Every structure is written in C-alpha cells, then in structure tokens.
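The structure displayed is predicted, hence computed values, not measured ones.
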There are 2 protein chains.
Amino acid sequence: MPPPPAARAKVLEAFATLLVTQGERAATLDAVAAEAGVSKGGLLYHFGSKVALAEGLMALLRELTAADVETMRAWPAGPVDYFIRTSADSDSAFELVYVAVSRLAQGSYPQARGALDDAHDAWTGAVLEVVGDPVVTRAIMLIGDGLYAQASEHFAGGTSAASAASPAGGSIEDLLALIDQMVALRAPRG
Amino acid sequence: MPPPPAARAKVLEAFATLLVTQGERAATLDAVAAEAGVSKGGLLYHFGSKVALAEGLMALLRELTAADVETMRAWPAGPVDYFIRTSADSDSAFELVYVAVSRLAQGSYPQARGALDDAHDAWTGAVLEVVGDPVVTRAIMLIGDGLYAQASEHFAGGTSAASAASPAGGSIEDLLALIDQMVALRAPRG
DNA sequence: GTCTATAATCCGATAGAC
DNA sequence: GTCTATCGGATTATAGAC
C-alpha cells in the first residue's frame, strides 16, 4: 500500500492529545484542526465526519495494541514487568492513544469499549500465563489500571506541574518487588 | 439553616448521573434540566451558570467525602476492607459523585482535581495507619483505583448490560484475602 | 421560584475555489 | 488535497411574565 498521508496521522495525534489534556468537550473539529496545523476543511477531507475521526482513533488503538502485546510477550523481564512499567509511563504514544480512546468510551462512543477490552484481555492473558493464580493476576491488572488512571490525570491539566510524586511512598521498582513477593506467595514453586 | 430546596439536590444528582453515564459532552444544561424534571430557567435560578453548577458538584463531593472518611475510620473490619469494598461498589451515591467529579477534572475544570486529591489523600492516610508499610499502602490504593475505574466503566453505556464479571477470576473476598497476605508479608508482627 | 421566549455564540458539516 | 465561506442546529445565558 502507498504511504498514508502524513496529515492523517497528525490529525489523529492532535485529536488524541486534545481528548487527553482537555477532555471530550474541548476536542472539537476546529480545535483538532488548529492543533494539527490544518484547516477544518482539510481535516474533513481525511475524516468525513466526527464519528469517522473517532473510529479512526479506535482503529489506531487496535493497531498499536497488536504491536504492544507482541513486545510484552517478548519482554526480557517478563510481561508483568512490562505491563507495570508501561502503565506508569505517561510519555509513550501508546499510552496517549489508549487514554484518549478511554475518554471516547466514557462519552458518546460505547464501541470504544470493545477496543479497550480487547487490549485489556490480551494483557491479562499474558500475565495469567506466567503468574498462574487468577486472583494474583487480577490484583496485578488492577494495580496497572490504577497506574493508568494516575498517569492520565497527570496528562491532563495542561500545565503538567509534575504533581506530587506519589501520596503513599515507593518507586516502580518497590512496587515490582512487592508484586514478585505476591506472586511467590501463591505459586511457591515459581 | 432552612432546609435547602429539593430542586437543588435533584439538579446536582441529574448532573452527576449524566456526566457518569453519558460523559461531559452530553451533560448540557438542557439535558440536566430534563433529567431533573425542571426547566432550564428553573435550573439557572439555583445555579447561575454552568461553572456554578460544576462548583456545586465539587462542593457536594467535599461534604460527602468528610462523611465517607469518618465511616471508613469507624468501619469494624478496618479501613482497607471498607476502601476495597466501596471502590468496587457502583451503586452508592458517593461513588456516583466521585466519578462525576473525576469526569469534570478530565475536562474543563482542573479545580476538580483538588477535591479528588483530598479524598484520595484522606483514604491513603487511614490505610497507611493500619498497614504501616508505604509500598503495600500504595499497592492497596492502586487496586482500589483500578476497581473505581472498572466500576465507572460499568456505569457508562446506559444499557448496563452487566458486562462480563471479571476477566481474571476472583471475587472481592478473594482480593481482600490476598491483600491480607500482602500486609502480613511486610508487617510480620501484625 | 419556576416558567417561556429569545439573544449570542459555538459546533458539525457542505459547497465550491484553488 | 487543502483551503475559505457559509448554513442549520445546538448550547449557554439573559429578560421578563407568572
């Protein structure tokens, strides 16, 4: 296939950025066009309607998820290490798109839930394979979800004033060490 | 003080309901008035502007938080049990308002973040007191945040089709048992 | 206190020039 | 492919009757 026009990608990134930093309400076609550096007419050439724009972002998430799950399964330190680290990382393109689509799901695009659930199920499967215990797996997934929620909050607000590191103490390394202990607790022959 | 007009409370509840089930975009003054069973003019008598309406909801969260933290500290089975159970419960009035304000924070009302952080800090303090270890405390808070995120998803969508219980297995009781083990791990003299 | 207009602005989408 | 101009409908807010 021919190289997709760069404008399309720029528009999707602008849409995701606005959704995450300023919310659904602020992500208007005018604002997205301005953020992407094109006119509203130019935007509407690539995405014929706002619904099409939202669907384009969901499709992008599905693409990125496939790549993310591959990386997760091949990660040297294991899928749990990968999942927890990336959940806490608010700088990656994947995180931006994932949180943006979750904003769509909270709003007027219930179909977005499907793309999010598929990603979540794939992660859960990979974690369950190495952890064994389903309750420990659920705890790990919930911790990751919590980190995602925190990361998305720090995204928002625009000023990104590095808000107070973590209310209760501990680095990501500390958290990973605790999770290792938790895993050992339920799967003693690890 | 004289009993506050019932209409005020109905309007705030309608606003919170729409924010949580349909998102920021759908929570227009028209829609809120219809949901509350009043006219737009009637709504604007109690809350002179949309910003005032949002501030009213934040103030309500602060009131409810104070009561919630008291209940949490007096909870027979302890603050951790209370926090995890209520995080998973999507039926309480408090949960509705908490999630609604988090939608405001993600949108055009960064001040909402303050009310949310205050609630979170109060919970964290109560958990840290009984758990001792800051890393375990953080893990517990993150699990609760994850449960909140899940509960808020089930709120949305309108149809509330009871979506698949939990991808990775385990009831709330299982989760609480695991957390107890985790606490014992780091505070052997508990 | 609550309502019915109505004004002013904003948003999504179309038409058509270049 | 990208732009400007513009229409119709939605959204916030005001004015004033009851």
Side-chain angles (χ1 to χ4, degrees), chain A residues 1-58 60 100 103-104 106-112 158, chain B residues 1-58 60 100 103-104 106-112 158:
Chain A
M1 41 189 149
R8 237 189 99 99
K10 276 204 305 188
V11 165
L12 284 178
E13 188 191 335
F15 185 40
T17 299
L18 284 172
L19 278 171
V20 170
T21 60
Q22 296 183 241
E24 194 189 1
R25 210 102 201 282
T28 66
L29 294 183
D30 270 303
V32 171
E35 174 85 18
V38 298
S39 71
K40 188 159 37 163
L43 188 163
L44 283 166
Y45 169 78
H46 294 287
F47 301 95
S49 70
K50 188 145 195 202
V51 169
L53 180 59
E55 286 168 349
L57 195 61
M58 299 179 214
L60 177 60
R103 297 287 153 89
L104 291 181
Q106 291 168 359
S108 321
Y109 302 89
Q111 326 109 292
Chain B
M1 42 190 149
R8 237 190 98 99
K10 277 203 303 186
V11 165
L12 284 178
E13 188 193 334
F15 185 40
T17 299
L18 284 172
L19 278 172
V20 170
T21 59
Q22 296 184 241
E24 194 189 2
R25 210 98 200 284
T28 66
L29 293 183
D30 270 304
V32 172
E35 174 85 19
V38 299
S39 72
K40 192 165 22 169
L43 189 162
L44 283 165
Y45 169 78
H46 294 286
F47 302 95
S49 70
K50 187 143 195 205
V51 169
L53 180 59
E55 286 168 349
L57 195 60
M58 299 178 214
L60 177 60
R103 297 287 153 89
L104 291 181
Q106 292 168 0
S108 321
Y109 301 88
Q111 326 108 293

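Regarding A/F47, its CZ atom lies at a distance of 16 Å from the P atom of C/dT14, rounded to whole Å. B/L44 has its CG atom 11 Å from the C1' atom of D/dT11, to the nearest Å. Rounded to a whole Å, the NE2 atom of B/H46 is 17 Å from the P atom of D/dA13. Between the NZ atom of B/K40 and the P atom of C/dA7 there is a distance of 14 Å, given to the nearest Å. Computed from coordinates, the A/L29 CG to D/dA10 P distance equals 16 Å when rounded to whole Å. Atom pair A/D30:CG and D/dT4:P shows a separation of 12 Å (rounding to whole Å applied).
Heavy atoms of B/L43 sit nowhere under 4.0 angstrom from any nucleic acid atom. Within 4.0 Å of B/S39, counting heavy atoms only, lies at least one base atom of the nucleic acid.
Nearest heavy atoms, B/R103 versus B/L19: NH1-O, 3.5 Å.
When each of B/D30, B/V11, B/T21, B/T17 is tested with B/E35 by the rule side-chain contact (heavy atoms from CB on, under 4.5 Å), just one qualifies, namely B/T17.
In this structure, the nucleotide among C/dT2, D/dT11, D/dA13 sitting nearest to the side chain of B/A7 is C/dT2.
Residues B/E55 and B/Q111 form a side-chain contact, since some pair of their non-hydrogen atoms from C-beta on lies under 4.5 Å apart. In this structure, A/L57 and A/F47 have side chains that are not in contact, with every pair of non-hydrogen atoms separated by 4.5 Å or more.
A close approach under 4.0 Å does not occur between any side-chain nitrogen or oxygen of A/Y45 and OP1 or OP2 of D/dT2. The shortest distance between the side-chain N/O atoms of B/R25 and the OP1/OP2 oxygens of C/dG12 is below 4.0 Å.
Residue B/K50 is the one, among B/G41 and B/K50, whose nearest nucleotide of DNA chain D lies closer to the 5' end (criterion: closest heavy atom).
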